[in-house]
Amino acid sequence: MNNTKRNIAVLTSGGDAPGMNAALRAVVRSGIGAGFRVFAAYRGFEGLLNDDFKEFDSRSVANILSRGGTIIYTARSNEFMTKEGQQKAADILRSRDIEDLIIIGGDGSFKGGYELSKFGINVICLPATIDLDLGCTDYTIGFDTAANTAMEAIDKVRDTSSSHERCSVIEVMGRHAGYIALWTGVATGAEEILIPETNNFNLDTVITRIKISRKKGKNQYIIVNSEGIGNSNKIASEIEAATGIETRATILGYMQRGGSPTVIDRVYASVMGRVAISCLEENKKNRAIVHAKGEFMDIDLSEALEKAKTVDELYYKVAMQIIR
Ligand code: F6P
């Protein structure tokens, strides 16, 4: 098919994730290679509403592969949440002769993209979130980097915690999703992994276990706590008051969202970007690019949104069996 002069747009939206730049680079370069003119919208859906676009050439995405964040910025837009905002965004895209939009983002961005598709824009979504909380895919851009960053930080806290014979509550990101906590908890040999999906936090039980473990001669106790569970400083002071063991909270926070993407995030994001362009070449409509059962594929966007993310049963079972 000759795509010469067919305009397409790309944006990044929601919480940034390492590897977004790699996905953008693949979209731009393979899009141009396929004959499209590629326009980047700045600051996610805000860029659509503000008509803030720039045409990219292949040099526009040079030297970004190893950079965390997103060079075209990201935002969360309230105006775009409304039907009027979505209509306005579709009108602005059409005024630029753009009928196809590639969205790199998480759950909220997929939902926004689906709403926009109801106004006739063809939307292709790439999953990018450190939370890994999209039911349609086993992989999201950024999770691998964030989990590695958190793992290294927890290892470091363990060193000092053990030297001081303390208990440590380490809070990782994931307001509604415990994937970072589950993976890093297993990877660092944490004594507790608290995640929102299973609602498995009970302060009294944790305190009892800490006391038992101290009696057995263990000189440290690492609790990996998902952001959604509760206030880590409060949990730490309650543990200290009940056990008499010095307890500190460490909140890893936004450091998990930054940093140079891992090889997995660079490569998978690049492949996903290319698959998105293939969808446009094949005139596919409203697709989500996913990685499931070891394969990259595109699925219907509305179908992608129907799949709820649950905690992986096997991983959770293994974690709970080997934790103490
Ligand atoms: O979606 C990724 C994420 O980092 C969550 O883990 C976290 O709860 C949220 O974003 C924080 O978002 P904000 O950038 O709005 O503080």
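Order of listing sets the numbers, starting from 1, for every ligand and every atom in it. The structure presented is a predicted model; accordingly, all values stated were derived computationally and were not measured.
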*asked:* Using a 4.0 Å cut-off to any heavy atom of Tyr254, which atoms of ligand 1 qualify?
replied: 13 (P), 14 (O), 16 (O)
_Using a 4.0 Å cutoff against the non-hydrogen atoms of Glu227, which atoms of ligand 1 qualify?_
6 (O), 7 (C), 8 (O)
*asked:* Using a strict threshold of under 4.0 Å (side-chain N to carboxylate O), is an ion pair present between Glu191 and Lys218?
replied: yes
*What class does the angle between the rings of Phe143 and Tyr179 fall in, given that below 30° is parallel, 30 to 60° is tilted and above 60° is perpendicular?*
perpendicular
_Cationic N near anionic O, under 4.0 Å, Lys309 to Asp133_ = no
*Kindly write out the residues that satisfy side-chain hydrogen bond (donor to acceptor under 3.5 Å, both in side chains) with Tyr139, not counting sequence neighbours, or none if the list is empty.*
Asp265
*Is the shortest side-chain N to carboxylate O distance from Arg76 to Glu46 below 4.0 Å?*
no
*Note the single closest protein heavy atom to atom 13 (P) of ligand 1, along with its residue, its atom name and the distance in Å.*
Arg76 NH2, 3.4 Å
*asked:* Between Arg274 and Glu281, does any NZ, NE, NH1 or NH2 come within less than 4.0 Å of an OD or OE carboxylate oxygen?
replied: yes
*Examine the proximity of ligand 1 to Ile180 and report which part, side chain or backbone, both or neither, has a heavy atom under 4.0 Å away.*
neither
*Atom indices of ligand 1 within 4.0 angstrom of Gly174 heavy atoms, with elements*: 6 (O)
*Does the distance from a Lys or Arg side-chain N to an Asp or Glu carboxylate O, for Lys156 and Glu152, drop under 4.0 Å?*
no
*Among protein heavy atoms, which lies nearest atom 1 (O) of ligand 1, and at what distance?*
Asp131 OD2, 3.1 Å
_Show the atoms of ligand 1 that are less than 4.0 angstrom away from any heavy atom in Arg175._
8 (O), 9 (C), 11 (C), 12 (O)
*ligand 1 contact by Gly106, heavy-atom criterion under 4.0 angstrom*: no
*Would you say His176 contacts ligand 1, with heavy atoms under 4.0 Å as the rule?*
no
*Part of Arg257 with heavy atoms under 4.0 Å of ligand 1, whether side chain, backbone, both or neither*: side chain
